[in-house]
Asks: 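Handing you a structure now.
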Number of protein chains: 2
Amino acid sequence: MKLGFIGLGIMGRPMAINLQRAGHALWVHGRRPVTMDVLVEAGAVACSSAADVAAQAEIIFIMVSDTADVEQVILGEHGLMQRLQSGQIVVDMSTISPVATRRLAQELATRGVDMLDAPVSGGEVGAINATLSIMVGGKEKTFQHVKPLFEKLGKNIVHVGDHGAGQVAKACNQIVVAVTIEAVAEALTFARRSGVDAARVRDALMGGFAGSKVMEVHGKRMLDNDFKPGFKVRLHQKDLRIVLENAHQLGIALPAASLAAQHLNALMGSGDGELDSAAMVKILERASGTK
Amino acid sequence: MKLGFIGLGIMGRPMAINLQRAGHALWVHGRRPVTMDVLVEAGAVACSSAADVAAQAEIIFIMVSDTADVEQVILGEHGLMQRLQSGQIVVDMSTISPVATRRLAQELATRGVDMLDAPVSGGEVGAINATLSIMVGGKEKTFQHVKPLFEKLGKNIVHVGDHGAGQVAKACNQIVVAVTIEAVAEALTFARRSGVDAARVRDALMGGFAGSKVMEVHGKRMLDNDFKPGFKVRLHQKDLRIVLENAHQLGIALPAASLAAQHLNALMGSGDGELDSAAMVKILERASGTK
């Protein structure tokens with residue numbers, strides 16, 4: 001199949017490589033030309049703009065950083081819309097605003113182009129090993145058409161609902177993870193400051209109602225004081241900004257997500273943006289002084 | 001063994017029955033005499049005060065509601081201290097203040113009496129079926145001595161640390177559960193208000209980093225709008241009061257636990273104290289209006 005891939009960063013490049021290895025012809029575009037080298041050596045065509053990709057590929061994947069970047073790729077001066085024609089499909093795997101996603105899907109539909117939003121979780125390791133979780137929004141027929149390609153990129157692939165539903169699911173994921181990190185951080189801080197071995201508390205809690213993947217993974221990082229990512233504060237902060245912008249637009253109160261976002265803001269301010277977001281525990285420790 | 005049991009409510013009575021069934025002689029005291037009937041019929045001795053229990057039993061279990069109740073049982077006018085002698089053991093299985101627990105352990109030690117704090121989770125069902133989780137604080141030797149009795153009451157029995165450590169672990173458990181309920185409630189509310197099927201979002205999230213026992217159990221209650229307890233708002237509110245009193249005394253900032261406590265307060269105000277604490281989702285729904 002003739003595929004396009006736009007955005008060849010830490011996530012996008014290994015994903016594009018996985019599609020190429022599956023035997024598909026690739027037209028690629030990355031802001032930094034060097035990111036295209038490995039793919040071009042293996043036969044991909046380097047394009048100087050998104051529009052040039054749109055001129056060739058049947059299905060075009062996008063994996064960039066933020067809402068404005070996706071808008072630029074689709075609607076910008078040398079964007080996809082310059083060359084897209086009816087029947088092509090745009091699959092945006094970036095994590096961006098659900099509200100903006102619906103607008104973009106409408107815009108593309110005017111040109112007879114269908115869109116899927118398909119944000120992922122699983123990070124760089126998941127991208128390389130093709131074990132990403134993929135949360136998909138859009139039409140069922142389009143989902144089924146693209147699904148064999150998703151299966152080259154990830155393992156847990158769920159069609160959540162119509163346009164934007166993938167982004168909503170990803171937003172929900174980031175809310176739950178951030179607030180659960182805060183929950184575990186507060187509990188382990190309470191244990192430590194009460195003079196109790198926090199590792200034994202974690203052991204005692206793990207099997208019961210307090211048990212979670214975050215308690216297991218992020219709780220361990222907190223106990224070890226080892227905040228090598230994992231998932232970076234900088235990216236989690238960005239994802240919660242998207243959540244809270246959408247909450248603002250939709251009129252939804254999300255008090256604990258908002259609190260967690262403030263703690264991520266504080267970590268950015270202290271130069272901890274490249275740490276794993278389990279570093280939220282540092283905020284509590286700093287607030288009451290270490291002990 | 002000659003055992004005492006004080007506090008024969010929803011939790012205490014089935015626990016006392018389990019100890020009796022294991023073949024131990026029981027001296028019991030309940031504020032409402034009727035609660036002693038079943039036990040007395042099976043051979044227990046009804047006592048009119050805690051002091052009378054202390055006059056007979058080697059190991060005395062307490063299962064009452066709150067810090068002040070335990071203080072009354074131990075230090076009050078007809079309390080255990082009136083009759084306790086060196087070598088006896090007091091096992092407090094109530095959920096109360098860790099700080100107060102340490103004070104009580106010191107007080108009892110002046111009389112040569114050792115104490116264990118051993119709060120539980122698992123609710124009425126766990127008490128009846130002897131499947132409680134038991135988090136224990138106190139001396140290792142005393143823990144080992146009482147452990148065979150704990151094994152008649154529960155399954156997951158962890159010696160967390162010295163006096164108060166069991167209560168600290170229970171406090172941590174209640175922090176994590178309350179804040180994780182808030183996390184799941186905010187995510188599912190975000191999904192619903194975004195016009196997405198919240199059940200499918202929960203399915204998509206369950207296997208990943210957002211997965212937790214709370215997502216599984218409380219998330220389901222939120223989706224079904226079925227708040228039959230489970231664990232009641234009224235008790236969770238009380239437990240978080242204990243947490244926040246201790247945070248106040250120790251100088252620990254617990255912003256998300258505090259937020260969750262406010263939502264439990266609000267549910268008490270709306271007459272929802274007998275619902276499961278998954279009902280915290282109602283606060284978010286009320287705040288932004290149902291949709």
Side-chain angles (χ1 to χ4, degrees), chain A residues 98 121-122 133 135 137 156 158 160-162 164-165 168-169 171-173 175-180 182-184 186-191 193-197 200-201 203-205 207-215 217 231 243 246-247 250-257 259-260 284 287-288, chain B residues 98 121-122 133 135 137 156 158 160-162 164-165 168-169 171-173 175-180 182-184 186-191 193-197 200-201 203-205 207-215 217 231 243 246-247 250-257 259-260 284 287-288:
Chain A
S121 78
S133 289
M135 295 153 265
N156 184 23
V158 181
V160 183
D162 209 345
V168 167
C172 290
N173 189 75
I175 292 170
V176 172
V177 172
V179 177
T180 311
E182 176 69 22
V184 171
E186 293 193 9
L188 297 183
T189 300
F190 185 86
R193 299 278 299 201
S194 300
V196 171
D197 182 346
R200 297 187 79 159
V201 169
D203 288 346
L205 268 49
F209 275 109
S212 65
K213 191 77 182 168
V214 166
M215 175 71 87
V217 174
F231 186 71
V243 166
N246 275 262
L250 295 168
I252 314 170
L254 300 177
L259 189 157
L284 299 168
S288 350
Chain B
S121 77
S133 288
M135 294 153 266
N156 184 24
V158 180
V160 183
D162 208 346
V168 167
C172 290
N173 190 75
I175 292 170
V176 172
V177 173
V179 177
T180 310
E182 176 70 22
V184 171
E186 293 193 10
L188 297 183
T189 300
F190 185 86
R193 298 278 297 201
S194 299
V196 172
D197 182 346
R200 297 188 80 160
V201 169
D203 288 346
L205 268 48
F209 276 109
S212 66
K213 191 78 182 167
V214 166
M215 176 69 89
V217 175
F231 187 70
V243 166
N246 275 262
L250 295 168
I252 314 170
L254 300 177
L259 188 157
L284 297 168
S288 347

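We use all heavy atoms of the structure for the numbers below, so side chains are in, but hydrogens, waters and symmetry mates are not. Here is how names work: the chains are called A, B, and so on, in the same order as the sequence lines, proteins then strands, and each is numbered from 1.
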Asks: Which region of A:N173, side chain (C-beta onward) or backbone (N, CA, C, O), has a non-hydrogen atom less than 4.5 Å from a non-hydrogen atom of chain B, or is it both or neither?
Replies: both

Asks: A:C172, A:S212, A:A178: which one forms the most heavy-atom pairs within less than 4.5 Å of chain B?
Replies: A:C172

Asks: Can you name the closest pair of heavy atoms from A:F190 and B:A247 and give their distance?
Replies: CE1-N, 4.2 Å

Asks: List in chain and number order the residues that pass side chain to side chain contact (heavy atoms under 4.5 Å, CB included) with B:A165, two or more places apart in sequence or in another chain; answer none if no residue qualifies.
Replies: A:V196, B:V160

Asks: So which residue, A:A191, A:G207, A:S133, A:G122, ends up with the most heavy-atom pairs under 4.5 Å with chain B?
Replies: A:A191

Asks: If you look at every heavy atom in B:L205 and A:M135, which pair is closest and at what distance?
Replies: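 The pair with the smallest heavy-atom distance is CD1-SD, 4.4 Å.
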
Asks: With chain A, which of B:G164, B:A183, B:A257 has the greatest number of heavy-atom pairs at distances under 4.5 Å?
Replies: B:A183

Asks: So, the side chain of A:E186 versus the backbone of B:I175: is there a donor-acceptor pair under 3.5 Å, distance only?
Replies: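 No, because the side chain of A:E186 does not come within donor-acceptor range (under 3.5 Å) of the backbone of B:I175.
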
Asks: Checking B:L259 against chain A: side chain, backbone, both or neither under 4.5 Å from a heavy atom?
Replies: side chain

Asks: Sort out for me which of B:A260, B:G251, B:A287 touches chain A most, counting heavy-atom pairs under 4.5 Å.
Replies: B:G251

Asks: Pick one of side chain, backbone, both or neither for B:S194, based on which atoms fall under 4.5 Å of a heavy atom in chain A.
Replies: both

Asks: Side chain from CB out, backbone as N, CA, C, O: work out which of these in A:V201 comes under 4.5 Å of a heavy atom of chain B, or both, or neither.
Replies: both

Asks: For the candidates A:T180, A:V168, A:V177, A:V179, which exhibits the highest count of non-hydrogen atom pairs separated by less than 4.5 Å from chain B?
Replies: A:V168

Asks: Between A:V214 and chain B, which part of the residue has a heavy atom less than 4.5 Å away: side chain, backbone, both or neither?
Replies: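 Interface part for A:V214: both.
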
Asks: Examine whether an atom of A:L284 lies under 4.5 Å from a heavy atom of chain B, and if so say whether it belongs to the side chain, the backbone or both; otherwise answer neither.
Replies: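 For A:L284, side-chain heavy atoms alone lie under 4.5 Å from chain B.
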
Asks: Return the option, out of A:G161, A:A204, A:G195, A:G137, with the maximum number of heavy-atom pairs under 4.5 Å with chain B.
Replies: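 The candidate making the most pairs under 4.5 Å is A:A204.
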
Asks: At a heavy-atom separation under 4.5 Å, does B:V176 approach chain A through its side chain, its backbone, both, or neither?
Replies: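 For B:V176, backbone and side chain are both near chain A.
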
Asks: Please find the pair of heavy atoms, one from A:R193 and one from B:I252, that lie closest to each other, and give the distance.
Replies: CB-CD1, 3.5 Å

